[in-house]
Asks: 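To start, I am sharing the structure in question, which I have written as structure tokens.
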Number of protein chains: 2
Amino acid sequence: MVQIGAMMKREPLPPAPAFQPLYRQIKALLTEGLATGEWRPGEPIPSEIELAHRYKVSQGTVRKAVSELASENVLVRRQGRGTFVATHAHVGTQLSFLRITPDGEAVRDLEPTLIDLRRQRADAAAAGLLGLAAGASLIRLRRTLAINGRCVVFEEVRLPAERFRGLDIATVTAHGCLLYSLYESAFGVKIVAGSERVKAVCADADTAQRLCVQPGAPLLQMERVAYTYGEIPVELRRGFCDTRMHHYANDLG
Amino acid sequence: MVQIGAMMKREPLPPAPAFQPLYRQIKALLTEGLATGEWRPGEPIPSEIELAHRYKVSQGTVRKAVSELASENVLVRRQGRGTFVATHAHVGTQLSFLRITPDGEAVRDLEPTLIDLRRQRADAAAAGLLGLAAGASLIRLRRTLAINGRCVVFEEVRLPAERFRGLDIATVTAHGCLLYSLYESAFGVKIVAGSERVKAVCADADTAQRLCVQPGAPLLQMERVAYTYGEIPVELRRGFCDTRMHHYANDLG
DNA sequence: GAGTGGTCTAGACCACTCA
DNA sequence: GAGTGGTCTAGACCACTCA
């Protein structure tokens with residue numbers, strides 16, 4: 001099976017150009033406010049006019065900064081109501097990182113089930129991907145995902161113990177094993193982006209049993225690095241999906 | 001193996017709201033000019049000031065329309081030079097629809113090889129996906145793709161014969177089997193978007209041989225519907241990839 | 001009706017490209 | 001230096017939400 005360490009970091013950003021427009025500076029200030037928790041997921045940020053006064057720029061410049069963050073799904077604008085920090089707390093957005101869909105129908109129901117949770121040391125690969133020292137403490141949890149009543153995904157998640165101090169089985173189950181919502185509400189860690197690597201692999205004995213497939217059956221393997229504000233990596237994930245009646249959906253262009 | 005007919009059409013657009021802002025009307029006019037070939041891939045469109053005069057709106061309104069098309073990779077802005085119609089003719093953009101990457105390195109070299117090309121009748125599923133009458137004439141071609149010298153993808157492409165009248169082996173090989181570039185230059189069909197469904201499947205005997213894997217080995221199956229301007233479907237594709245040393249890359253969020 | 005984001009304009013000036 | 005897209009402003013008015 002392919003090592004999760006075979007994943008690469010997200011492409012580094014190109015070197016910042018000498019000239020930085022005002023709206024990008026405003027965007028950086030807004031991102032800072034989000035990262036420090038000044039505005040929390042689900043909450044409104046100040047109105048454009050108020051932000052314009054605060055930063056001493058025109059409303060148009062604020063708009064441009066906010067628009068970029070909205071196009072990255074970091075903020076959500078609602079005409080007539082305000083601009084809100086995106087959140088994984090709502091049912092609709094819980095699915096935004098799940099690309100697995102049943103072949104003929106929509107996702108009606110999602111039921112994650114925790115298998116186990118334990119501490120482990122980061123190997124060199126995991127440490128590198130998470131920007132930690134080798135041997136740093138990780139939390140590893142495993143779960144299955146049933147879609148519309150059918151168990152089709154088995155995944156292993158690794159988190160830096162530092163940032164998720166105190167995470168235990170009780171906390172996870174209390175949140176119904178909805179991880180991104182849990183990270184947000186219990187640890188102030190908002191997942192905003194991820195990069196995935198997908199492969200076809202053969203089911204090993206353990207995974208086969210958990211997904212009720214034959215050992216050796218083809219499974220879709222998904223490896224993910226997930227990022228919080230500022231492209232900081234905070235979660236590693238490797239999942240296996242039985243794609244006989246489901247698929248990984250992706251739009252190009 | 002899953003039928004390509006199991007694919008679904010792209011989500012239909014939500015019903016157009018009663019209120020349509022000016023810049024969307026401008027965007028529609030620009031899209032029309034692109035679809036009719038007034039401006040062809042690689043060519044510049046008129047400057048923003050000129051378009052503003054033509055459509056009798058402000059430059060800002062033109063900018064907003066152009067910006068949306070640029071964010072959809074339909075147009076490409078180049079500061080100081082102008083705004084250009086996106087094209088598959090350049091090496092960089094030829095890869096924009098290819099999500100397969102070698103595990104440890106970048107794609108340095110891409111070598112497609114045509115296997116065969118023939119006419120066939122559309123089955124109900126293909127006709128439905130392409131918006132054709134059942135039994136309409138299709139062109140089916142098959143090819144392999146070598147990445148950095150290693151043959152890892154085998155794919156079958158189906159096209160409506162009507163729109164690609166006269167497409168034959170000589171034309172394809174003359175273009176080095178670079179399909180999207182060929183569609184563009186020889187048929188005026190610019191591919192601008194696609195939706196894919198990815199699964200893990202077992203290699204059948206024929207595919208296994210073409211990719212030099214064991215029959216039954218796990219392969220990544222990619223099914224695609226590709227669209228030209230205005231979300232018109234114009235190509236069906238099904239590919240298989242040996243992912244032992246390659247992966248399907250995808251960014252989330 | 002007050003407050004929000006959304007659209008549109010006109011105009012100034014900047015960054016960049018190319019002859 | 002002329003022409004392009006990129007930024008920024010100020011201000012008017014519109015669409016929408018909510019009390």
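Each chain gets a letter, A, B and so on, in the order the sequences are listed, and its residues count up from 1.
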Asks: Who are the ring-ring contact (aromatic ring centres under 6.0 Å, His included) partners of B:His88, not counting sequence neighbours?
Replies: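 Only B:Phe97, B:Tyr180 meet the ring-ring contact (aromatic ring centres under 6.0 Å, His included) criterion with B:His88.
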
Asks: Please confirm whether B:Arg78 makes a cation-pi placement over B:Phe84, using NZ or CZ under 6.0 Å from the six-membered ring centre and within 45° of the ring normal.
Replies: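 Yes, B:Arg78 lies over the aromatic ring of B:Phe84.
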
Asks: Less than 4.0 Å between a side-chain N and a carboxylate O, is that true for A:Glu68 and A:Arg24?
Replies: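 Salt bridge present between A:Arg24 and A:Glu68.
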
Asks: Could you encode protein contacts along nucleotides 5-15 of chain C as a string, one character per nucleotide from 5' to 3', using B for base contact, S for sugar-phosphate-only contact and - for no contact, with a heavy-atom cut-off of under 4.0 Å?
Replies: BBBSB-----B

Asks: Are any of the side-chain nitrogens in A:Glu196 or B:Arg99 under 4.0 Å away from the carboxylate oxygens of its partner?
Replies: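 A salt bridge is absent here (no side-chain N lies under 4.0 Å from a carboxylate O).
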
Asks: Is a side-chain N or O of B:Arg143 found less than 3.5 angstrom from the main chain of B:Cys177, in a donor-acceptor match?
Replies: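 Checked: pair present.
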
Asks: Can you name the closest pair of heavy atoms from B:Ser185 and B:Arg40 and give their distance?
Replies: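 That closest heavy-atom pairing would be O-NH2, 4.4 Å.
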
Asks: Under 4.0 Å between a side-chain nitrogen and a carboxylate oxygen: does that hold for B:Arg150 and B:Glu105?
Replies: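 Salt bridge flag = no for B:Glu105 with B:Arg150.
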
Asks: In which ranges does DNA chain D form stems of 3 or more consecutive Watson-Crick or G-U pairs, distances under 3.5 Å?
Replies: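 Stems found: C:1-18 with D:1-18.
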
